[in-house]
Trainee: 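One structure follows; several queries about it will come next.
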Amino acid sequence: MSVNALIADPRLEGRALKRIVYDAAEIARRVSELGAEITAAYPDGELLVLGLLKGSFIFLSDLVRQINRPLHVDFLVASSYGESMVSSGNVRLVYDPETELDGKHILLVEDIVDTGRTLNRLMELLQARNPRSLEICALLHKHIAEELKYDTKFIGYDVPHEFLVGYGLDHAESFRHLPYIASLQ
Ligand code: PRP
């Protein structure tokens, strides 16, 4: 997409982008690969894909359609950023999945791992419910996530320390619907 096309994108509310980091075609290619990896990693057992809202909603919906085996979907809602561009570390659980986790393979799906604090808290909570296995799939991973105590088994991309929006990621709730991932000016 050209610079002029970016400026003209009516979804941007007049904001300028620094650059498009991953366009829609590239994301689709990588999500398809992740789906194949996940399909191969779970040859048997019940698989529950747990999407962490709101950020994962687009990634999750694309990802589950690339996983070629039976699965169920549920969601978690946690919030840590508020309207700031800096992660606060205050993880708040707003919605807890109703689905029974006991004995199931749980795949927790995140849009982005930043500091890792959200996942540290959620993994503790989910582990206590006695799943058969518990793994993380994150589309984006900032490898400054030094605080993350858990391995991220499935990672879409290692990303630089830039503030990213689009494909589910927001700034003050805007830009989640961009079909690409971009850094804001
Ligand atoms: C963002 C993002 C991750 C989390 C990562 O969520 O979607 O869940 O922060 O940050 P951390 O690794 O530093 O904990 P946010 O709280 O902004 O909510 P949202 O998903 O509704 O955008």
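All heavy atoms count here, side chains included; hydrogens, waters and symmetry mates do not. Counting starts at 1 for both ligands and their atoms, in listed order.
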Trainee: So, do Y180 and Y22 have ring centers that fall under 6.0 Å from each other?
Mentor: no

Trainee: Near D170, which atoms of ligand 1 are under 4.0 Å from a heavy atom of that residue?
Mentor: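 Those of ligand 1 that fall under 4.0 Å from D170 are 22 (O).
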
Trainee: So, regarding E173 and ligand 1 (criterion: nitrogen or oxygen to nitrogen or oxygen, under 3.5 Å), is there a contact or not?
Mentor: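 E173 vs ligand 1: no N/O contact under 3.5 Å.
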
Trainee: Do V113 and ligand 1 have an N or O pair less than 3.5 Å apart?
Mentor: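 It does not: no N or O of V113 is found under 3.5 Å from an N or O of ligand 1.
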
Trainee: Of L53, N120, I112, L169, which has the heavy atom at the shortest distance from atom 5 (C) of ligand 1?
Mentor: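 Ranked by closest heavy atom to atom 5 (C) of ligand 1, first place is I112.
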
Trainee: Do NZ/NE/NH1/NH2 and the carboxylate oxygens of E37 and R30 come within less than 4.0 Å?
Mentor: yes

Trainee: Sequence neighbours left out, what passes side chain to side chain contact (heavy atoms under 4.5 Å, CB included) with N120? Give chain and number order.
Mentor: E147, L148, K149, Y150

Trainee: For atom 3 (C) of ligand 1, tell me which residue out of E110, R176, K54 has the closest non-hydrogen atom.
Mentor: E110

Trainee: Once you restrict to heavy atoms under 4.0 Å, what part of T115 touches ligand 1? Side chain, backbone, both or neither.
Mentor: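 Contact part for T115 vs ligand 1: both backbone and side chain.
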
Trainee: With side chains defined as the heavy atoms from C-beta onward, is the minimum distance between D96 and L125 less than 4.5 Å?
Mentor: no

Trainee: Short list, please: which atoms of ligand 1 are under 4.0 Å from a heavy atom of L52?
Mentor: 8 (O)

Trainee: L63, I155: one ILVMFWY side-chain cluster at the under-4.5 Å cut-off?
Mentor: no

Trainee: Kindly list each side-chain donor-acceptor pair under 3.5 angstrom involving residues 39-47, sequence neighbours excluded, with atom names and distances?
Mentor:
from: T39; atom 1: OG1; to: G35; atom 2: O; distance (Å): 2.7
from: T39; atom 1: OG1; to: N68; atom 2: N; distance (Å): 3.0
from: D44; atom 1: OD1; to: R132; atom 2: NH2; distance (Å): 3.1

Trainee: Could you tell me whether G55 and ligand 1 have an N or O pair separated by under 3.5 Å?
Mentor: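 Such a contact does occur with ligand 1.
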
